[in-house]
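Structure first, commentary second.
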Amino acid sequence: MRFVWASGSDTGRRRPKNEDSIHPKHDGRTSGSLMVAVADGMGGHHGGDVASSLAIKAAARRVGTPEERVRAANDAIMERVLEDPRLAGMGTTLTVAELRPDGEVTLGHVGDSRAYRWRAGRFEQVTIDHTFVQEEVEAGRLTPEQARHHPERSLLTRALGFEHGLVVEVARLKVSVGDRLLLCSDGLTSMVTDDRIAGFLESGAPSEVVWALIEAANRSGGLDNVSVIVVAVAEDEASGD
């Protein structure tokens with residue numbers, strides 16, 4: 001199998017600058033392994049854009065598992081704060097996915113950026129949000145719909161840049177030909193429902209889907225920066241597998 005991907009990031013309609021970062025920043029295709037990542041710098045904190053950029057660069061540079069990449073990103077942010085105390089308080093989410101040609105996917109994840117798998121009409125979130133409202137949902141004190149509109153829905157319980165020994169969520173799944181993997185910041189999921197997102201993923205080239213989703217987020221209000229990566233799983237052109 002091969003992976004065909006596209007990525008995009010937009011400031012949105014309300015924020016003065018884009019504090020999201022993505023990897024890769026270009027579209028492409030490969031029959032080898034692929035690493036993709038989305039980071040969302042913490043809004044309201046000095047240096048959110050610095051934190052997300054540092055996280056993506058460190059994760060891309062680190063050779064290892066997605067969990068090790070996330071830990072390297074966390075260390076890079078904390079080291080930068082020691083060098084420049086004016087950046088104290090900056091943080092970011094980070095979701096890293098490594099896709100292998102045999103269809104194995106491993107994720108390392110901290111925060112509320114998300115990864116989803118679309119398969120034959122079924123749309124499944126494969127990461128867990130590290131937020132106050134998600135903890136309330138899991139405890140049975142909020143419904144998912146209440147959580148979606150809760151005033152503290154963006155309150156993170158875990159993020160990069162604040163402590164050594166960060167707990168990284170690790171998830172594993174399989175993809176096969178016809179599947180699509182989506183990574184995104186909450187600038188998409190806070191503006192566009194899962195059902196609508198799934199509808200966009202049903203057809204179209206990855207680049208078309210990426211920018212259609214970003215446009216949908218902006219047309220729905222564009223209250224936050226929005227970043228999207230779509231990876232389509234296709235047959236290998238060389239082998240026909």
Side-chain angles (χ1 to χ4, degrees), residues 9 12 15 19-22 36-45 48 51-52 55-56 59 66-67 69-71 73-74 77 90-98 105-118 122-163 166-173 180-198 200-201 213-214 216-217 220-230:
S9 186
R15 296 294 177 91
E19 294 186 320
D20 288 359
S21 295
I22 56 176
V36 294
V38 169
D40 180 356
M42 294 178 64
H45 288 278
S52 68
I56 288 293
E67 180 180 6
R69 291 180 188 269
V70 174
R71 292 190 185 283
N74 185 56
I77 295 169
M90 70 176 179
T92 186
T93 71
L94 181 60
T95 301
V96 176
E98 181 183 29
V105 180
T106 306
L107 295 112
H109 164 73
V110 173
D112 64 352
S113 296
R114 293 180 179 177
Y116 292 88
R117 179 179 61 187
W118 182 92
R122 182 182 178 189
F123 189 55
E124 174 188 9
Q125 183 178 338
V126 294
T127 53
I128 299 172
D129 294 348
H130 299 138
T131 60
F132 165 75
V133 295
Q134 182 60 36
E135 290 184 352
E136 293 295 286
V137 169
E138 291 174 0
R141 290 187 287 268
L142 287 176
T143 66
E145 183 61 22
Q146 289 172 329
R148 180 174 176 80
H149 299 287
H150 197 282
E152 295 182 335
R153 60 187 177 276
S154 297
L155 180 61
L156 296 176
T157 56
R158 200 184 309 176
L160 279 71
F162 297 98
E163 61 178 344
L166 178 69
V167 177
V168 180
E169 175 194 337
V170 176
R172 294 179 176 84
L173 63 145
R180 293 190 168 196
L181 188 73
L182 166 71
L183 267 64
C184 60
S185 62
D186 71 338
L188 175 66
T189 53
S190 62
M191 292 287 100
V192 186
T193 65
D194 282 6
D195 285 346
R196 288 188 65 205
I197 294 172
F200 283 104
L201 286 166
L213 286 170
I214 290 173
S220 296
L223 301 181
D224 199 355
N225 311 143
V226 54
S227 296
V228 179
I229 300 175
V230 173

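Atoms considered below: every heavy atom in the structure, side chains included; atoms not considered: hydrogens, waters and symmetry mates. Please read these numbers as outputs of a predicted model, since none were measured by experiment.
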Non-hydrogen side-chain atoms of [X] and [Y] separated by less than 4.5 Å:
{"X": "Val230", "Y": "Val228", "result": "yes"}
{"X": "Leu173", "Y": "Leu107", "result": "yes"}
{"X": "Ser9", "Y": "Val226", "result": "no"}
{"X": "Thr95", "Y": "Arg114", "result": "no"}
{"X": "Val110", "Y": "Glu169", "result": "no"}

Q.
So does Leu155 get a backbone contact from the side chain of Thr131, meaning a donor-acceptor N/O pair under 3.5 Å?
A. no

Q) Within the side chain of His130, is there an N or O that forms a donor-acceptor pair under 3.5 Å with the backbone of Gly111? A) yes

Q. Cut-off 3.5 Å, side chains only: do Asp20 and Ser185 have a donor facing an acceptor?
A. yes

(Q) Any donor-acceptor pair under 3.5 Å linking the side-chain atoms of Thr93 with those of Ser113? (A) yes

**Q.** Stepwise side chain to side chain contact (heavy atoms under 4.5 Å, CB included) check, Leu223 with Met191
**A.** CA-CA 8 Å; Leu223 301 181; Met191 292 287 100; 3.5 Å; yes

**Q.** For Leu188, the option from Asn225, Leu213, Leu183 that meets side chain to side chain contact (heavy atoms under 4.5 Å, CB included)
**A.** Leu213

Q: Start with the C-alpha gap between Phe162 and Met90, add the side-chain angles, then the distance that decides, and say whether side chain to side chain contact (heavy atoms under 4.5 Å, CB included) holds.
A: CA-CA 8 Å; Phe162 297 98; Met90 70 176 179; over 6 Å; no

Interatomic distance, [X] atom [atom1] to [Y] atom [atom2] [nearest 0.5 angstrom]:
{"X": "Glu19", "Y": "Met42", "atom1": "CD", "atom2": "CE", "result": "10.0 Å"}
{"X": "Asp112", "Y": "Arg158", "atom1": "CG", "atom2": "CZ", "result": "12.0 Å"}
{"X": "Asp129", "Y": "Thr189", "atom1": "CG", "atom2": "OG1", "result": "7.0 Å"}
{"X": "Ile229", "Y": "Leu181", "atom1": "CD1", "atom2": "CG", "result": "9.0 Å"}
{"X": "Asp224", "Y": "Arg15", "atom1": "CG", "atom2": "CZ", "result": "4.0 Å"}

(Q) One pair to check against side chain to side chain contact (heavy atoms under 4.5 Å, CB included): Leu201 and Leu182. What are the steps and the verdict? (A) CA-CA 9 Å; Leu201 286 166; Leu182 166 71; 4.3 Å; yes

For a quick test of reading the model, state the closest non-hydrogen atom pair linking [X] to [Y] and the distance between them.
{"X": "Leu160", "Y": "Val70", "result": "CD2-O, 3.9 Å"}
{"X": "Arg196", "Y": "Ser220", "result": "NH1-OG, 3.4 Å"}
{"X": "Ile22", "Y": "Ser227", "result": "CG2-CB, 3.6 Å"}
{"X": "Ile128", "Y": "His109", "result": "O-NE2, 2.8 Å"}
{"X": "Trp118", "Y": "Ala198", "result": "NE1-O, 3.8 Å"}
{"X": "Cys184", "Y": "Val38", "result": "C-CG1, 4.0 Å"}

Q: Give the intermediate values and the outcome of side-chain hydrogen bond (donor to acceptor under 3.5 Å, both in side chains) for residues Ser21 and Ser52.
A: CA-CA 6 Å; Ser21 295; Ser52 68; 2.9 Å; yes

Q: Carefully, step by step, assess Val126 and Tyr116 under the rule side chain to side chain contact (heavy atoms under 4.5 Å, CB included).
A: CA-CA 5 Å; Val126 294; Tyr116 292 88; 5.8 Å; no

Q | Test ring pair (Phe, Tyr, Trp, His ring centres under 6.0 Å) applied to Phe200 - qualifying residues, sequence neighbours left out | A | none

